[in-house]
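Only one structure is covered here, and it is reproduced in the block below.
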Amino acid sequence: MTEPRWLKFSRQLEDSRLGTTTAERICHVAASLVGGTGASISLFVDNAYLALAESGPLAVMLDETQFQLGDGPVFEAQNSAVPLIVEDISGTAARTQFPAFGPIAERSNVGSVAAFPIGVGTAQLGTLNVYRKSAGPLSGEEYANGLIAASFALSEAIDYQAGIAESVSSGELPKRFESSHLQVAAGMVAEALQCSIVESLVLIRARAFSDSVSVVEIARAIENRTLVLDPQ
Amino acid sequence: MTIPALEKADAVRLASTLIEITSLVTHGGETIDIFTNLAQRCVELLPVAAAGILLRDASGRLQVIGASSPSAHLLDLFQVQNDEGPCLECSNTGEPVSDEDLSANGPWPRFSKQARLSGFGSTYAVPLRSRDLTAGALNLFAKGRLSEGQLVIAQALADSATLTLLQVDPAADLHIVIRRIHVAVECRNTIEQAQGMIAQRFSLDVEEAYIRLRDVSHEAQMSLYEVARAVVTRDPHSPVSTLL
């Protein structure tokens, strides 16, 4: 059987010499596997956008341009669970959709942009963005790899919000925020504390970190009602 | 392909299920709702105790999209299949597989032990397959054995699930299928988040919370996913807020 895509991605992440943080390495691997010249992870925290990591100056510039203008795929993809693929940034449709960002991206030799939502269920934390040189659709493999990159970025985004330093967050399994137990536990915490699912996930992660156990263990304890989380 | 003759009653029930599924697809139903429906129909149409549909997501892992019941033992049985089991094998090879006595010497010792402990006697997996693409598998658990005709019914149901993913275009690009599976997984995650909220609100266990959501979805004539979304987003305008 062929190697599952997430293992291949994980291996490339470990082998990558580019980038100092895990989030930066995710950007580099994403750029390479999704056919991009640059990639970034942007988060929406406390009603403001910020860049968690970027692969290089092109991605920094294109992220900042979008945040400053309030226009671009980042904003479009933010509230959706479905990836947004702008196949031709200089095309008529993109011109109408992104009147301010489009021309700047085009002048920077960007032909297409893909924004993959970072989130789980209704809980959305940001997007993983890939800036591609040529216009055109993504291949099936590129599309799948973009989704995997976003699922790796989810761990980093939650750690960032939980205030957990980069040095301790790396090396854990991907998909750890996607187990059924975690969704149920997050729902229970959100109901008990009347907070959002994102806030619940962050609380669960923070508790797992301080108890030195996995998030799934905390989630199971919440589900079995042997643990009740306090508000932060 | 030769199709063994079906009992008339079986054929009628199969036809009405396929009509129902086709109608859900053409009316733009969510994949998660269609697949949950299909898994429940399997238990009604076939002498099986439980059924589930597992799809391979973008990362290559199997995800449960639709089960005949949300019971913990069933979900664990699906979960273990990211390591070994009929669905994993069937999704890899694209061929149907079975273990008709779940003995310890069978192909999947860990899986069959758990299946036996859950009270099952046999298991079958039929592929969700079109041309070169195997998107996942339909997994059935029974007390006894299924006949050849019953396996044909199982494959017909699996085929209707495959068509749901491809939506009439056999050449549907890999990325379209991956996107549908991704959306279905996120819908399922939303339903689980809603189960947690309802479990907490009414002091229910997770399975009871699921049944509560399903009852509301019947009452409000909304899909399970729409109900879950209204719960999680705390939508004050949704009829769900008054029905719960």
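Computed from a predicted model, the values in this text were never measured in an experiment.
- A:L147 contributes atom CG, which lies 9.0 Å from atom CD of B:E186 (distance to the nearest 0.5 angstrom).
- Neither the backbone nor the side chain of A:L182 has a heavy atom closer than 4.5 Å to any heavy atom of chain B.
- Note that CD of B:Q200 is 6.0 Å distant from CZ of A:R225, once rounded to the nearest 0.5 Å.
- Contacts of A:E141 with chain B are made by both backbone and side-chain atoms, with heavy-atom separations under 4.5 Å.
- Counting non-hydrogen atoms of neighbouring residues, nucleotides and ligands closer than 6.0 angstrom, the CG atom of A:D15 exceeds 12 such neighbours.
- B:D57 contributes atom CG, which lies 8.0 Å from atom CD of A:E178 (distance to the nearest 0.5 angstrom).
- In this structure, chain B has a heavy atom under 4.5 Å from the side chain of A:P83, while its backbone stays farther away.
- When B:V206, B:D205, B:V231 are compared by the number of non-hydrogen pairs under 4.5 Å with chain A, B:V206 comes out ahead.
- B:L174 approaches A:R5 most closely through the heavy-atom pair CD2-NH2, 3.9 Å.
- Heavy atoms closer than 4.5 Å to chain A are found in the backbone of B:L204, but not in its side chain.
- Neither the backbone nor the side chain of A:Q124 comes within contact range of chain B; no heavy atom of the residue lies under 4.5 Å from a heavy atom of that chain.
- Ranked by non-hydrogen atom pairs under 4.5 Å with chain B, the options A:A123, A:P137, A:A144 are led by A:A144.
- Contact detail for A:I148 and B:S59: the closest heavy-atom pair is CD1-CA, 3.5 Å.
- The only option from B:N189, B:V232, B:T233 that meets the side-chain contact (heavy atoms from CB on, under 4.5 Å) definition with A:I197 turns out to be B:V232.
- Rounded to the nearest 0.5 Å, atoms CD (B:Q63) and OG (A:S180) are 8.0 Å apart.
- At most 12 non-hydrogen atoms from other residues, nucleotides or ligands lie less than 6.0 angstrom from OH of A:Y160.
- In this structure, the separation between CE on B:M197 and CD on A:Q183 is 13.0 Å, given to the nearest 0.5 Å.
- Of all residues spanning residues 215-227 of chain B, none has a heavy atom less than 4.5 Å away from chain A's heavy atoms.
- Shown here is B:R41, whose CZ atom has more than 12 heavy atoms of other residues, nucleotides or ligands within 6.0 Å.
- Neither the backbone nor the side chain of A:A185 comes within contact range of chain B, judged by heavy atoms closer than 4.5 Å.
- Residue A:A192 touches chain B through both its backbone and its side chain, counting heavy-atom pairs closer than 4.5 Å.
- Interface residue B:A199: backbone and side-chain heavy atoms are both found under 4.5 Å from chain A.
- Interatomic distance, OG1 of A:T122 versus CD1 of B:I191, reported as 11.5 Å (0.5 Å rounding).
- Summarising the geometry of A:L138 relative to B:H175, their closest heavy-atom pair is O-ND1, 3.8 Å, with the distance given to 0.1 Å.
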